[in-house]
Number of protein chains: 2
Amino acid sequence: MLSIAEENYIKQLLSLSLDREAKEGIGTNELALSLNVKPSTVNDMLKKLRQKELIDYEKYGKIQLTATGRKTGMDILRKHRLWETFLYQKLDFTWDEVHEVAEQLEHIQSNKLIEKLDKFLEFPEFDPHGDPIPTANGEIQVLSKLVLSDAEIGKTYRMVAVKDNSAVFLNYVMELGLGINNTIEIISKQDFDESMEIKVKGEAVRVSKKFSQNIYILSENKKD
Amino acid sequence: MLSIAEENYIKQLLSLSLDREAKEGIGTNELALSLNVKPSTVNDMLKKLRQKELIDYEKYGKIQLTATGRKTGMDILRKHRLWETFLYQKLDFTWDEVHEVAEQLEHIQSNKLIEKLDKFLEFPEFDPHGDPIPTANGEIQVLSKLVLSDAEIGKTYRMVAVKDNSAVFLNYVMELGLGINNTIEIISKQDFDESMEIKVKGEAVRVSKKFSQNIYILSENKKD
DNA sequence: TAATTAAATTAGAGTAGCCTAACATTTTTT
DNA sequence: AAAAAATGTTAGGCTACTCTAATTTAATTA
Ligand SMILES: [Mn+2]
Ligand SMILES: [Mn+2]
Ligand SMILES: [Mn+2]
Ligand SMILES: [Mn+2]
């Protein structure tokens, strides 16, 4: 059985690898940065994770999850997102509050618990942030979503997820009146700073490049 | 904030102190035995807990929780029992399965979570084992219950709780057709080994001394 | 290609939580 | 009251996870 620290390394490796081409591999410094620890700390842990055959990695090389490592990561991500859904749907947490608590709950060890929870929630497919929940088999639904910053002027989209999960970002999203499944119309784009004006629920708002890079959308007229 | 290890020491100290006179105090060896660690390990931890003003304790003396320590312990016990209730009522766990998972869930840190959970469960007063759930203020309902082994022949009682929470004991209780709120009639008692014959739901069964010492009862004709 | 910069690793150290073995104190028994 | 037993403490050591500082290797730039 893995320690909480080990689980966090594996989960982070999975998250990073889901954001890139499968064969790319992850660097020590990069992983350290994203986990808020020093590279030397990561280096120690990499040896342990390789020993346990959860990662492929050799000195000065890139890190990749093995099939087992990937499945392990998916289990943790599944728990994280199911707990977020529970907090949101059953306990009336807001979507900016769920992540922090789910960071703790994802480490509870009990297969029975997570399968019962899944059933209790009626087998949800997405968490409150629009992210797909992996199945018990470790499969994850990857829908080819766009980033708002790449949207075309004049077209209409549906917001499907957020990238950043921090409370400060999510609060801002809510403040602007935005939420999952909202329809977004692209009014204009500024060449200068790549800010854009968008229309949501009849209201026009201006958002920065940094903001629009953290909103995932789909073309409104695409089939699901 | 306390570590999981520290929380487990405090919780255990509370549990032990709830089973005796308030002023009695707890010994190092006794605590070590109940936590499955060595006395020297406990000794180290006692210094830390005293430093944090959670216990009163001096060299070669007995251990007692301070007011803060007691409140801390109550918070953990509250979480433990609320989670047990959740697992039992909402996720269809059996009463012998809940304890182990609650041992993990009791360490999740989030006031909001536990108060929302309490509300979601509609403010339960007792957990699946018949144990009272402490309030958010750290108060606990102490009803003066009897132990089945002290019951009188010919009288009728109501089972209100179990002492032992192990799956092996709880399974046996279920096998005998016994459960919380069942009516129990004392048919006879053997002087030789203090086993007793009792009647539950019309069925007569024989139980050992060790068994009857782990069942809590109340006189049937007492007001609640 | 040589120099420079970036990335990764190693060496050495600290804390928390556990252990065993030896020793000290207190309590109980004789 | 002395001896024996029980209880509690100290000393020293181990592992997991973290750090800083120094070093090595790889990648980039000149
Ligand atoms: Mn999250
Ligand atoms: Mn999420
Ligand atoms: Mn329990
Ligand atoms: Mn219980």
Which whole-number value in Å describes the distance from [X] [atom1] to [N] [atom2]?
X	N	atom1	atom2	value
A/Ile63	C/dA8	CD1	C1'	10 Å
A/Ile4	C/dA16	CD1	C1'	14 Å
A/Asp44	C/dA13	CG	C1'	12 Å

Under 3.5 Å donor-acceptor, [X] side chain and [Y] backbone:
X	Y	result
B/Glu103	B/Glu100	no
B/Glu6	B/Ser3	yes
B/His107	B/Glu7	no

The side chain of [X] is closest to which nucleotide in this list: [options]?
X	options	value
B/Ser40	C/dC18, D/dC19, C/dA21	C/dA21
B/Thr28	D/dT18, D/dG8, C/dT9	D/dG8
B/Asn43	C/dA7, C/dC19, D/dT9	D/dT9
B/Asn29	D/dT9, D/dT7, C/dA7	D/dT7
A/Lys38	C/dT9, D/dT9, D/dC19	D/dC19
B/Thr41	C/dT9, D/dC19, C/dC19	C/dC19

Using a cut-off of less than 4.0 Å, is there contact between a side-chain N or O of [X] and OP1 or OP2 of [N]?
X	N	result
A/Lys59	D/dA26	no
B/Tyr9	C/dC18	yes
B/Lys62	D/dG8	yes

* Structure fact -> Ranking B/Tyr57 and A/Glu6 by the position along DNA chain D of their nearest nucleotide, the one closer to 5' is B/Tyr57

* Please figure out whether A/Ser3 or B/Gly61 has its closest DNA chain D nucleotide nearer the 5' end. =>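 By nearest-heavy-atom nucleotide position, the 5'-most residue is B/Gly61.
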
* Classify the side-chain pair B/Glu97/B/Thr94 by whether it contains a donor and acceptor separated by less than 3.5 Å. =>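 Looking only at side-chain atoms, B/Thr94 and B/Glu97 do form a donor-acceptor pair, the distance falling under 3.5 Å.
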
